[in-house]
Every structure is written in structure tokens, then in C-alpha cells.
**Student:** 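The structure's right below; bear with me while I get my questions together.
We use all heavy atoms of the structure for the numbers below, so side chains are in, but hydrogens, waters and symmetry mates are not. All residue numbers refer to positions in the sequence shown, counting from 1.
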Amino acid sequence: MSLEPSVDPATDRRANYDYRSDDVDRPALVDDLERVVGCSVRADSYSRELYATDASPYEVTPIAVAFPESTADVAGILEYCAERTIPVLPRGGGTSLAGQTVNRAVVLDFTRHMNEILEVDPDERRATVQPGTILGTLNETLAAHDLKFAPDPAWGDKSAIGGAIGNNSTGAHSLKYGKTDAYIDACEVVLADGTVTEFGEVSTAEITERADPDGDLEARIYAELDRILAEDADLIEEAYPDLKRNVSGYNLDRLVAESRGNTLPGGEETGEAGTVNLARVLAGSEGTLAIVTEATVSLEPVPETKAVSLLCYPELHDAMRDVAPILEHEPAAVEVLDDVLIDLARDTAEFGPVTEILPDGTNAVLLVEFYADDVAHGREQVAGLLADRCPDADAEGEPADDAPKTDAEALALEAIEAYDDAERAKLWKLRKSGLPILLSRTTDEKHISFIEDTGIPPAKLPEFVEGFEAILEDHDTYASIYAHAGPGVLHVRPLVNTKTEIGLDQLYGIADDVTDLVVELGGSVSGEHGDGRARTQWNEKLYGDDLWETFQDLKTAFDPDWLLNPGQVVFREDDPTDLREHLRFDPDYAFETGFEPALEWENDNGFQGMVELCHGCGGCRGEQSTTGGVMCPTYRASHEEITATRGRANALRQAMSGDLEPGEAFTDEFVEEVMGLCIGCKGCAIDCPSEVDMAKLKAEVTHEYHERNGATLRDRLFAEVATLSAWGSRLAPLSNAASKLPGSRRLLEATVGIDSSRPLPTFHATTFRDWFERRGGCRVSAADADQKAVVYPDTYTNYNHPEAGKAAVRVLEAAGVHVRLPDDVGDTGRPAFSKGFLEKARETAVENVETLAPLAADGWDVVVIEPSDAVMFQSDYLDLLSDDATEMLANATYGVCEYVDSFRLDEKLAFDPDLAGETVTYHGHCHQKATRKDHHAVGVLRRAGYEVDPLDSGCCGMAGSFGYEAEHASMSDAIASILYDQVADSDGDRVVAPGASCRTQLGNRSSATSEPPTPIELLEAALE
């Protein structure tokens, strides 16, 4: 490897990127701050625009972005900014949905450096962490102690503990665990003037003692808290809704309840009167009061097991009426999905099969989950629920004698039970289908999160849903309803086009009307996602003028100049927050592609729709160990926002909508910093909730870059790799020896830019095609065969690894398949496509379709050994060509193991019983994973007798030519190190991988003696 995995790949002297642009907005500010503190500060145009958005509909370009490494850095930045009245905004994963993590401020990104788990005390069930610690990473560490941080926001494997405190986050299991504030023991914080202090448990007497309205900042804070407890406590008790899930406004209801020893809504005891925890005042404050630099949190045991029942209803209103009776059974979670999302799920490849389990007439479901001591206990709890709410169901268990029995009418049609992990996951998958479906729209109308998480008393949910539907009808739009029915927090995202004035009127009108409905029903404007830019303006209506003034006074006490994330939770009257301002898409928004797209874009709004699709949720920022999947390899290696799919998508949109300079997308800098570090793995096409296809976008933009600026010699050589390989094979073994001559590799790197440390492919004088022809073709006659297959001699198999082709032919023949190789075909066009030479790729596609489509029409199956080439036929050709012949070829093409598995050809094979039990570690190809075809090899190998450990791995980092490019070699190595660790942790006797790039990269491991075999070679080895 050319670089240690822990080192930033950009420090490689050959790297042509540093994750930023050369256009710096305020260089003096950057220089000043970096002199004051020891951390990196950026104010270049790329960095500022990357942090202008979060998971909300809002966009505000910050002043600068800092990456603090210590509390001292934070204190120094705040002191500097306070002296110059510069606003400051703390930020975690940028997953907030209400716009609270975007502002005209110096942004502090804590996830880069201040992300450590400082201490875990399992005996005391306590952990101390820095604010950038990702919740998923924390829980991964705690799992060894059977403990967890209890609040479980849906995006917990990408969101930070600082954000959880700032939003007072919770999740699907809030019925059992409540909100984050219940788990905050103490916080180290930096105040607005740079003062470092600690908030935790303190007596009300001590608050009074430390209070001094004329003292320093900390004393003035205590004075205001003392005044609130003395003067506003009764008002707070009266005005705050009686809800377990309320995060609107400041967390003063808990402060008062703790001071008086009162029980909180939902039944949480606060202890003896006279003691409060001031750290909990910060919960839900959205970074407007102080900046947390360390937090000590309490932990909960992981439940022994769980039990799930899916109750099916003829309509949503029936499900809503059933929520209150279900709560009598004390479930851990009650989640809802309405008919809109069920119908949409039926039409998707991913979620459609799950909907098939639903009985006819199902138009809404409630997923009810119980925590259980064991499976028998879980069955007992579900049986008690069904006896009460769905008595006609044939429950698997018997209810306990003391199981609750309500008087409410039973409304469920049927119930489905699940107790093992796989079955529970299937039902949860249906519930979680809502967000990905809603986020996949590429139209101008979007399902927007601006009034989506109101908190309503569960008994009033039927009335709320009826009223909400009437409001939507009045405003001529619709929405789906899903999520947390149990605590009364329904997610409702109306379909609105904010690019129009009509859309802005809808946005405001719906929010205003829904707020009135919420207040009327005794609810909260936000039960989960916070105030931010979307809901801050409604807090005065929710709480009244007097409490609104209390919020202003509290803000002023903590932050006299209103510099900490101003405009969130509360605002000054002369600077109001309006949910219609600072929208990412508004009537002034303009998108200019600047070129005619070369690819087919069949989604709504075409290329523009795909560029604008990223919702900003940060799904691309998850770690391999906690999130899994393919996306996004370069982010996992660098932890730089610009290398995440979200970063690239935002940068590309901003380059084409005027936020960056005109034509920026086609500059050398943009291509090197933004598009060049996308390795084309296609992981975003499956792992991104919105399914942003960044690999396709990269191909389109790179093609236009070539049209405007020309292409390098190296790019042209890589695009012509089939021709080069053919010559390499003809000249073998001389061509192989040439690369080993002293100095040849250094010369190649100096002249062409191909990494001198990377092994080059080996060429075979006898190609796969030569071997097939010399053996006389297929050994199974067409007359004796049940199936006939064209095995495509892809470039790598034909010239570099013919053994895989031989194995494929032998396995297919053993299964009785008549095999032939096609005449007059070259490569698939994959290299040209990947390097952005789309017209060349299209020409190749036309030639191959003309040759292969007639064979497909004549009943031949097309089998491809190299995964990326198989996917080229199956998917990418449809982006190059739009005709029936191309679609016919796509439908007739299979990867070789996909072919064996799909037609169960292995059932015709006899396998050597002596090989049974050999364990292999399987690393799948990212293109196959992106097209949901990666499982076939695992199934076939297992049926052949191998024990297979399929890694939940991302891209290997080689990615075709990417790992050979000298400037990208260090990034390739950093990505590979993640995979190497997974391989080392696997118990497999040896590694197997289907892709050429994967096998090359795995062969580079220090412990590897050779490249791993392909699955089809292992399958052949298992034959008797």
C-alpha cells in the first residue's frame, strides 16, 4: 500500500485534491482564526456551499467552516467571534430536518475530530463522549456490554450525539425510552463569550446562590434560571402540552418539573424537589444557548429479544382509533403506514415483495413491537394484544391471565406475527419504506418536511388526521402519513412545489392551519425534529406571548448578542424567522445545465431532476461497521463532506443554479475535487434513500468536460483498454516482462500517471476465445441441451484471466447447457463509459446490441463473467440507447452465477462431498450489489457445499482504473483498508471475489500470496 490507512489520502504528494476550492471568500478571517486556534478553518466556495444545506428544505451559505479538535479550539473560536459579533453554529451530521443546522455563521463541524468516546462505565451505565460521536458508533462500542444509548432516531447511524442533544432527539421506541434529555447527566459547554463551564445536577438553592444579574455571563445565566423558577413556573406548567413527545421551544417544562419533583408526561419520575439538571435545559435548544463539547449520558440495557405484530386495517382512520387501546398493552413501539405509501411500496422492486404478505383490503397497518424476556414472553404479549385488538386472529401464543382487555371495538382485519430477527426485519422494512419512497421524486413538487412531526395526544389522533386531511384538501395537495403513531407523532409531508408563489402560499397556509389544529387538540408543533427555520415562528402561537418573552429572555441571558445559531427556537422581533425564507428551491431558483445531456434520463425532469434529487439526509455518511452497504467509499476513507454523495450532489446542483460561478462544473478544479473522487461504484443507486445516481451523473458531467476541454492521454488509454489488452496478449510474454524492467514503472507514472506501486494485469498469449476454439467449441450439442447460452468474452476474462471463462464453460456444460462465444464483439464499452467517453461507449453498445439482440430473440441467454460488464448490458446500455433491442438484450443477460442460480442449474450438477464445509469469505462486486444481483453467487456456493461468509462490504477501492491513477492511489488504498479489516475479521479459509478490480485489490493485501479466485472457479473446483 502507498499510504497508511490512518493518514488523509490528500497528503499523498501525488494527490491533486485537497477537498476545497482556491476561491476563498474571507482569507483574513481564516488566517486570524487559524492563528487563534489549532484547527483547520475553511472559507472557500466549495466548503461554504457544502455546509449550506442539511436534510431540510433550507439553504444558507455560512461564513466559514471550522473543524475543532478540542474544547480549547471551540472556546477560542467563540471568544474571537464574540468580540467581532460573528454568529457561530455547532453542527453534527447535518441530518436535521427543520433547518437548524444551516445559518449565516461560522459552522463548527464536530464529526471530523471531536468524535471520541472518552469513557464507558458499564457498571454505572454511563458514557462520556464528544459531541461529534455518531450514535451508531457509540452503540457499536456499547454492544460489548449489552448496553445502548436508548433514544433511537431513524438516522442514528449517521447523526451525532451533539445533534441528539441539540434536537432532544428520540425515535421509534420513545414509548419506552422517552427523549434524549432523560439521559443527559452532565455537559461540558462553551458559552457565547468563550467561557468553558459544566452544567449538571444542581440544587435550586445553589442556582439562587450563584445568580447575579450584574455578574459575569455564567452568573447572569443562573440569575435568569432562578427568575424563571421563581416567577414563570406556574405559567410553564399550564402552557406546555401534556405530551411525552414535545420538543418545541426551550426545555423549561422539565426544568420546572425537576425543581418541584413532579412526574413528567408519560410517567417519568424526576426525583425529589429542589434539584435540577441544568444540562437538560440545553436539550432541544438547537445550539442557541451554549455549545456542548463533552456529554456524560446514561445508558440502558439492550432488550433480550423482541416480538412484532403487524395489524392490518381497511382504512387509516380505523388504525388511528386503535392506537389508544393498543397503548394499554404497553408496547415499546407503535408505527403506522397509510394506503398512499402501501400502494407506492407495491410498485417498487425493493418493497413490493414485502407488501405481498398483506391481506386483501389492507389500506393501513400498525406495527406493534414488544420488548420481551424471551420468545415465549414475546408470544404471550402479542397473544394478549391480538385477543383484545384482533380476536379472530389465530395467535401463536396464549395471553397472560392479566393481559389488558379494553372496551374498544376491534377494528383490525388480520394480524401478522414475527419473532426471529429476519421476520421482524421484514415487517420493519415495510414500515421504513415510507421515507425512501417519498424522497425518490424528481419532480418540482417535493414531499417537504415542514410540519411533519407534530405531537398529538394519542387519543386525539383520529380527530387530528381528519382535520389534517381537510387542511390538505383546502390547500389542494395531499400527503402520506406514517411513523410514530404510539406517541402521537405522525410524519406528514405535503407535496408542495416551492419553486412557485402558489407553493409558498401552500407552505405557509398549511403550517399556519395545522398549528391551529395542534393547539386546539392540546398538541405540540414539533414532537421530534425540532423548531429550526420551519417551525420557530409558531412557538409564540403555541405557548403564548408571555412564554415567548421568557424564551427571548433566556436566550439573551445565555447569549447576550444573539450570536449562537440565531433565529432558531426564538427570534428577535426586528429579525423574525419565516419558514418561506432561505428555501433551497424558491421562485427565484434557476437551473442551467449548460449542455445537452448525452444519456437517457427517463426520470421526471431528466438530468436536472436527478441533480436536484438529493434530499440531504446524510445517508452517504455512514460507517461500514454501523451502516454497511456500498455507499460512499471515498467518504468512509476521508470523512470529508465533499466526498460524500450528498456533498457531490449539492456541489453539482450549486454549480448549475448560480451558487457557484457559471461553468464551474466543467473546470479542472471541480472535476478533480468533486467528480474525480467519485469512483463510480453505483452504491448510491441502492443505498441512498433518494437513489441519487452519482455514477451516472459523473459520466454525464465528465463527458461534457471532455467536450469542452479535451481528455488526457491516460483517460484515452484507459478507455481503449480492450485494444491495449489485445496487443498485450499478442505480445505476451514480452508484454508482461516489459513492466518488470528496472525503472519502467517509474517512467510510466511520470509520463502517463499510472501508479508505479500497483501491479499491472498479466496478459495470456492463449486467450479465453483461443482456448474455446482450440477445444472445438462446446462439448454439449444443441440437440442434447435444455438451454443455450452465449458466454461473452469480456476483456478481462479473455486476455487476463481466461481460467474464469474456462470454469464458466465447464460448469455450464456440466449442467447440460449448450455454449457458444459470440463472433465479432469487442469490449462492452464499460471503460469508455466510466471515463466519460459516452459517444464511444454508445458506438460500442450499438455494435454489441446488433450482434447479441438477435441471438436473444432466438432464445439464447447471454452470460457474462465480469460483473461490471454484465451490469453494462443489464443497466447502462439502457442509459445509452432507448430501443426494444437494447431492452431485450438487458433482459436476456445474466452474470454467470446469477445464471446458474436463476435457473437452478446447480441442481443438475454433482459436487464433491469432500469439499463440503470449506469456508470462504465472499466479497461481492459493488455494481452487482447496486442492481441487487450480488446474492446469487452466495446461494450457488452454499448449495455446492461451501460455507460462505458474505461480507457486508463496500467498494474495494480499485474501481476499474481509479486505483491505477497515481493521484488517486492513496485514496484507493484507504478505501481498501476498510475491506482488508473485514477480511481479516472473517473466519473464511480463503477469499473469493467475482470482479477483476476486487481480485486485484485483494491480491495487494500484505498477507495475500495471490489474487483470490472467482466464484465460478470455486464452483468448478467443487464438481465431482
Side-chain angles (χ1 to χ4, degrees), residues 349-350 599 620 628-634 645 678-688 691-700 702 718-719 721 792 794-797 801 804 827-836 838 841 844-845 848 862-880 889-891 893-899 901-902 922-938 950-963 972 975-976 979 992-1002 1012 1014-1016:
E350 181 174 3
L599 296 173
C620 43
V630 180
M631 184 181 70
C632 180
T634 46
T645 302
C678 169
I679 61 178
C681 68
K682 295 180 177 282
C684 46
I686 185 173
D687 291 338
C688 169
E691 297 185 353
V692 174
D693 194 340
M694 186 52 62
K696 185 176 177 181
L697 288 171
K698 177 188 177 180
E700 189 75 84
T702 306
F718 280 138
V721 69
Y792 188 88
D794 63 83
T795 299
Y796 186 77
T797 302
H801 193 58
D827 73 339
T828 62
R830 165 63 68 197
F833 188 93
S834 298
K835 300 307 294 182
L838 298 184
T844 302
N848 285 331
V862 178
V863 177
V864 185
I865 297 160
E866 178 58 35
S868 62
D869 287 314
V871 173
M872 190 72 187
F873 284 156
Q874 294 168 327
S875 175
D876 298 289
Y877 272 19
L878 300 175
D879 294 330
L880 292 165
L889 175 59
N891 292 332
T893 298
Y894 302 85
V896 62
C897 287
E898 177 191 2
Y899 187 61
D901 189 37
S902 297
Y922 176 76
H923 165 66
H925 194 283
C926 46
H927 285 186
Q928 287 185 322
K929 292 178 181 179
T931 51
R932 297 185 174 88
K933 296 179 182 296
D934 184 53
H935 62 282
H936 295 290
V938 175
L951 300 179
D952 185 5
S953 50
C955 183
C956 68
M958 195 66 185
S961 65
F962 183 86
S972 174
I975 296 170
L979 174 59
V992 59
S997 292
C998 313
R999 296 173 60 253
T1000 299
Q1001 193 78 305
L1002 287 164
T1014 62
I1016 196 65

**Student:** Hey, could you give me the OG1/CE distance between T645 and M694, rounded to the nearest 0.5 Å?
**Tutor:**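 Rounded to the nearest 0.5 Å, the OG1-CE separation comes out at 6.0 Å.
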**Student:** Identify the two heavy atoms, one from T702 and one from K835, that lie closest to each other, and give their separation to 0.1 Å.
**Tutor:**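 Here T702 and K835 meet closest at CG2-O, 3.5 Å.
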**Student:** For F833 and L838: C-alpha separation, side-chain torsions, deciding distance, then whether side chain to side chain contact (heavy atoms under 4.5 Å, CB included) applies.
**Tutor:** CA-CA 5 Å; F833 188 93; L838 298 184; 3.8 Å; yes
**Student:** Which pair of non-hydrogen atoms, one from P1015 and one from C897, has the smallest distance, and what is that distance?
**Tutor:**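 Taking every non-hydrogen atom into account, CB-SG, 3.7 Å.
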**Student:** Looking at P994 and G924, what are the two nearest heavy atoms and their distance?
**Tutor:**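 Result for this residue pair: CD-CA, 4.3 Å.
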**Student:** Which pair of heavy atoms, one from G680 and one from A695, lies closest together, and at what distance?
**Tutor:**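 Closest heavy-atom pair between G680 and A695: CA-CB, 3.9 Å.
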**Student:** If every non-hydrogen atom of C955 is compared with every non-hydrogen atom of C681, which pair is closest and at what distance?
**Tutor:**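 So the two residues come closest at CB-CB, 4.0 Å.
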**Student:** Strictly distance-based, threshold 3.5 Å: is any side-chain N or O of D687 a donor or acceptor partner for the main-chain N or O of V630?
**Tutor:**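 Yes: the side chain of D687 pairs with the backbone of V630.
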**Student:** Which distance, rounded to the nearest 0.5 Å, do you find between the CG of L979 and the CG of L1002?
**Tutor:**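 These two atoms lie 5.0 Å from each other.
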**Student:** Considering all heavy atoms of both residues, which atom of A841 and which atom of A832 are nearest to each other, and what is their separation?
**Tutor:**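 So the minimum-distance heavy-atom pair works out to N-CB, 4.0 Å.
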**Student:** How long is the straight-line distance from NE2 of H925 back to OG1 of T931, given to the nearest 0.5 Å?
**Tutor:**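 Result: 10.0 Å between the selected atoms.
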**Student:** Test side chain to side chain contact (heavy atoms under 4.5 Å, CB included) on V692 and L697 and set out the steps.
**Tutor:** CA-CA 9 Å; V692 174; L697 288 171; 4.3 Å; yes
**Student:** Do you know which of N848, N891, L878 makes side chain to side chain contact (heavy atoms under 4.5 Å, CB included) with F873?
**Tutor:**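 With F873 as partner, N848, N891, L878 yield a single side chain to side chain contact (heavy atoms under 4.5 Å, CB included), made by N848.
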**Student:** Indicate whether any N or O donor in one side chain lies under 3.5 Å from an N or O acceptor in the other, for Q928 and Q874.
**Tutor:**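 Result is no, nothing qualifies.
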**Student:** With a 3.5 Å distance limit and no angle check, can you tell me whether K698 reaches the backbone of C678 through a side-chain donor-acceptor pair?
**Tutor:**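 Yes; at least one donor-acceptor contact below 3.5 Å.
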**Student:** Does a side chain donor of either S868 or H927 reach within less than 3.5 Å of an acceptor in the other side chain?
**Tutor:**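 There is no such pair (donor and acceptor under 3.5 Å, judged by atom type) between the side chains of S868 and H927.
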**Student:** Consider only side-chain N and O atoms of Y796 and R830, and report whether a donor and an acceptor are under 3.5 Å apart.
**Tutor:**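 Y796 vs R830: no donor-acceptor pair found between side chains.
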**Student:** Examine the side chains of S972 and Q1001 and answer whether a donor and an acceptor come within less than 3.5 Å of each other.
**Tutor:**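 There is such a pair between these side chains.
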**Student:** Judged by atom type as modelled, is there a donor-acceptor pair below 3.5 Å linking the side chain of E866 to the main-chain atoms of A996?
**Tutor:**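 Yes; judged by distance alone, with no hydrogens or angles, the pair exists.
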**Student:** OG1/T893 to CG/L889 distance, rounded to the nearest 0.5 angstrom?
**Tutor:**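 T893 OG1 to L889 CG: 4.0 Å, rounded to 0.5 Å.
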**Student:** Counting N and O atoms only, with roles assigned by atom type, does the side chain of D952 sit under 3.5 Å from a partner on the main chain of G629, one being a donor and the other an acceptor?
**Tutor:**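 Looks like yes, one N/O pair under 3.5 Å.
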**Student:** Rounded to the nearest 0.5 Å, how far apart are OH of Y922 and CG of L951?
**Tutor:**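 Separation between the atoms: 10.0 Å.
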**Student:** Under the side chain to side chain contact (heavy atoms under 4.5 Å, CB included) rule, what do I975 and T634 come out as? Steps first, then yes or no, please.
**Tutor:** CA-CA 7 Å; I975 296 170; T634 46; 3.8 Å; yes
**Student:** Taking it one step at a time, do H801 and T1014 satisfy side chain to side chain contact (heavy atoms under 4.5 Å, CB included)?
**Tutor:** CA-CA 10 Å; H801 193 58; T1014 62; 4.3 Å; yes
**Student:** Roughly how far, to the nearest 0.5 Å, is the CG atom of D934 from the OG atom of S953?
**Tutor:**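 So the OG of S953 and the CG of D934 are separated by 7.5 Å.
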